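For reference, the structure is listed below as structure tokens.
All values below come from the heavy atoms of this structure, side chains included, with hydrogens, waters and symmetry mates left out. Reminder, nothing fancy here: chain letters follow the sequence lines and each chain counts from 1. The structure presented is a predicted model; accordingly, all values stated were derived computationally and were not measured.
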There are 2 protein chains.
Amino acid sequence: MARSGQVSPRGDLVRAAVLGLLGTRGASSRADIARVLGISPATVTQTTKELLQRELITELRSVPSNGGRPATLLGLVRAAGGAIGAKVTADHVAIVSVDLDGTVRTSRSVPFDPSRPAALEALAGILRDAVAAHDGQLLGVGVGLPGAVDSQTSGLVDAPTLGWSRSPVGRRLRDALGVPVLVDNDVNTLAAAQIVYGHGREYASFMVVTIGLGIGCGTVFQGSVSRGAHGGAGEIGHIPVTDDGPSCGCGNTGCLEAYVGEAGLLAAAVEAGAIGPRGTIATLARAARAGKPAAAAIYRDAGRLFGRTLAGVVHTVDPDLIVLMGEGIRDWALWETGFEESFRRQLMPARRGIRVLAESWSEDQWAVGAASLVLASPFDAVAAGAQGELVRARLQTPEAAR
Amino acid sequence: MARSGQVSPRGDLVRAAVLGLLGTRGASSRADIARVLGISPATVTQTTKELLQRELITELRSVPSNGGRPATLLGLVRAAGGAIGAKVTADHVAIVSVDLDGTVRTSRSVPFDPSRPAALEALAGILRDAVAAHDGQLLGVGVGLPGAVDSQTSGLVDAPTLGWSRSPVGRRLRDALGVPVLVDNDVNTLAAAQIVYGHGREYASFMVVTIGLGIGCGTVFQGSVSRGAHGGAGEIGHIPVTDDGPSCGCGNTGCLEAYVGEAGLLAAAVEAGAIGPRGTIATLARAARAGKPAAAAIYRDAGRLFGRTLAGVVHTVDPDLIVLMGEGIRDWALWETGFEESFRRQLMPARRGIRVLAESWSEDQWAVGAASLVLASPFDAVAAGAQGELVRARLQTPEAAR
DNA sequence: CCGCCTTTGTTCGAGGCTAAATTTAGTGAG
DNA sequence: CTCACTAAATTTAGCCTCGAACAAAGGCGG
């Protein structure tokens, strides 16, 4: 559904897309492949014939028919490859190694100081270890980080929270690792994961909104991530909500994030006496859960402001669905009352029914998202560009093209 | 530049795109056509050969070479067709008839009451007259209206300001007129015009923001209009800017439009004593121009609020450029001071350089935009859909397919 | 058991686009 | 004037995809 209407893939993209589909959605019939990828059955027959000959895929059992000829399921001969995903934050790098179907093989976290002059070299070193530790065919490395990335392929990064400006992350990592490297904004990587494994199967246009240290947002439009003119779309954390107000990491005052980001919540909570001056976000959440009114009010007010702002974003973008993710979502129950009241009330009547889903939080979420940049590249030729081509080449020739 | 990277047109789309290009950008060489449309020179040679045979285009003069073989310019044999554009408002319909290159042939305005039960029939009648009065090949009719339109082809409209809900505008007009009809949100039509004739030639991603009775916004992303999941994107006039505040036509309170739309400005001006209770927007603007402080303050405050909100929109969408249009733009000088100060200050540093251009206002703007839906359809197969195909058929067989 | 239906999957011819090589038509240096 | 160079336009061969017709394979009602 989400993919129908997508541009017909051409050239070896079809082969890659078929392989990617079998990897991400599991065994499928030829007819299904044709429907999902929006190509003709004739093309699927030809493509699969070739892939069968090369023994990249195999025919599995037939499924019982429901009135017509029973479908023959096709599956990958084996995990045709894996990917490594890394999420870079201000104090650590989270790394996962995943199979083509998205299952996490290994996962770890390494301390990291992005402000050091040689931070990029350090990052390259960390990833080099991960690449070396990966066994089996490695399709590529996906990197997610909090900042604007001009394109997945070139990977030129502006990330104020990391202290990086015009940093050539993509090029450096590529040179250091010798495998395809795709770089994107961290929230966009979550959106890419949703396209491949999540709600993208049912919805073509949705937004992924994250709550955590900051507030982020990735927009999926007609099955692919909208990145804006310079990869800077989705900075909803820096929507100004008041003319002045608390100052924000971005240098301005009155940003949404300055109110409802982790630091903003803590500052408000301390001022209101809801927690002591040394309290953490966990302290605050505990107090709110315990029913302490001042603490609960912090979350309720944050939910209201967040809801009001998100209503504006919905009016601007008109998504089908909003998916909430990120660390902060663990405490969503505390936000929800204030949010729902304010959000629904300030939506235009025609939009009031929009679905908002809070995903459960998992530690690996971000890094798995980064890995899915690689796994999504067969479906998103435009975004993945030249590095995506390399990924596709590797997907089709297990002995690692380069 | 803007169009490069666009999906290669296929099938008869190439012929239509070549004709459309020659119509909208004037005579071009084959090499230019190939570059702009992103197709191979070989295809252009083949396509133009056929069009030359059919005498739809002709070879014009050669241009002096700069080191290589001189280019031969190709041009349309004659105006290969025209289009009719109509903008529907709460009290009138503005209609223009344009040539393929966008020059306005005729223009008029007809009173119209959208709240009447038979409003759609009345609109069909008005347009039937326009179609009858049009001489020469008519490619189609474009209709722009203030509301959400699910798709240009089906033309199912939700327009609170017209009192229309789930109104089958497209289908009805099509049945009544017997020519291709494309329907879209009015601001999107301005955006379509910008793609074909305006800043779309230099920018691939920009926003068109209108100031007038309400505040609207159309987003162009990678050369085509982003419509959102249900054609409702760009309702930035209904971004909530306060928790409560003046009530708005959409049923909510505190919308941007309630403050800086025409009604909002007037209400604020009356309350501040800047104009009398019977004053109009013209009165207010005159007073402000004359230097009356209370009147000037109304505009300055509106500019500030508008700037702050637009900064948030820029953070969300990340366009390359903002084009300001609409009736209200006549008084932009009055808004500008407040706007610039607030807008730039509340933008993130990386975005602070974004260009904002105020287009000059012309009476026909809206209706010409609607007409350009038709003229843009060769370039935007996805948006224009089945009706676009009909337009393309008519573009290639002057004796009017149907 | 037998047609008739539905759905899957294949074959084949046609159309459309492209890359690469080639031809055409100029400029400009010596 | 000639030769090298450049860019435009064309030709050619080949690949990719699709539509349409057809074959395959089962369910279902009589």
Side-chain angles (χ1 to χ4, degrees), chain A residues 3-18 21-22 27-53 57-75 378 381 389 392 396, chain B residues 3-19 21-22 27-53 57-75 378 381 389 392-393 396:
Chain A
R3 287 203 206 291
S4 65
Q6 102 180 131
V7 184
S8 312
R10 289 188 64 85
D12 82 328
L13 244 153
V14 173
R15 280 185 291 276
V18 169
L21 190 76
L22 295 180
S28 319
S29 72
R30 292 175 177 82
D32 269 343
I33 294 172
R35 275 189 294 266
V36 174
L37 294 181
I39 56 183
S40 76
T43 305
V44 175
T45 291
Q46 287 206 331
T47 306
T48 54
K49 190 188 294 180
E50 186 189 326
L51 294 174
L52 282 166
Q53 262 170 12
I57 62 175
T58 184
E59 291 196 335
L60 305 174
R61 68 189 182 286
S62 294
V63 294
S65 101
N66 52 334
R69 172 174 172 173
T72 311
L73 292 184
L74 300 171
E389 267 173 51
R392 291 195 289 281
Q396 288 165 53
Chain B
R3 286 204 205 291
S4 66
Q6 102 178 133
V7 185
S8 312
R10 287 188 67 85
D12 82 329
L13 245 153
V14 172
R15 278 185 290 277
V18 169
L19 289 172
L21 189 77
L22 294 179
S28 318
S29 72
R30 291 175 178 82
D32 269 343
I33 294 172
R35 277 188 293 265
V36 174
L37 293 182
I39 55 182
S40 76
T43 305
V44 175
T45 292
Q46 287 202 334
T47 306
T48 53
K49 190 188 294 180
E50 186 191 326
L51 293 175
L52 282 166
Q53 263 171 11
I57 62 175
T58 184
E59 292 197 336
L60 306 174
R61 69 189 182 287
S62 294
V63 295
S65 104
N66 54 334
R69 171 172 173 175
T72 310
L73 293 185
L74 299 172
E389 267 174 51
R392 291 194 288 280
Q396 288 163 55

Polar atom pairs (N or O), protein with nucleotides 25-28 of chain D, under 3.5 Å:
| residue | atom | partner | partner atom | Å |
| --- | --- | --- | --- | --- |
| D:dA25 | N3 | A:R69 | N | 3.3 |
| D:dG26 | N2 | A:G67 | O | 2.6 |

On a heavy-atom basis, the closest approach of A:P378 and A:L13 is O-CD2, 3.3 Å

Testing C:dG9, C:dT18, D:dT11 for proximity to the side chain of B:S40, the answer is C:dT18

Ranking A:T47 and B:T48 by the position along DNA chain D of their nearest nucleotide, the one closer to 5' is B:T48

For A:T43, the side-chain hydrogen bond (donor to acceptor under 3.5 Å, both in side chains) test, sequence neighbours excluded, returns A:S40

Distance below 4.0 Å between A:T43 side-chain N/O and D:dC18 OP1 or OP2 = yes

Please check the phosphate of C:dT7 (OP1 and OP2 only) for any side-chain N or O of A:R30 closer than 4.0 Å.
no

Bend of the helix from C:dC1-D:dG30 to C:dG30-D:dC1 from end-axis comparison, five pairs per end, nearest 10°, comes to 0°

Residue set satisfying salt bridge (charged side-chain N to carboxylate O under 4.0 Å, His left out) with B:E59, at least two apart, ordered chain then number -> B:R30

With the side chain defined as heavy atoms from C-beta on, A:Q46 is closest, among D:dT17, C:dC17, D:dA9, to D:dT17

The complete set of salt bridge (charged side-chain N to carboxylate O under 4.0 Å, His left out) pairs with one or both residues in residues 40-51 of chain A, sequence neighbours excluded, reads A:R15-A:E50, A:E50-A:R54

Regarding the side chain of A:A31, the nearest nucleotide among C:dT8, D:dT17, C:dT18 is C:dT8

Of D:dT11, D:dA8, D:dC18, the nucleotide closest to the side chain of B:A71 is D:dA8

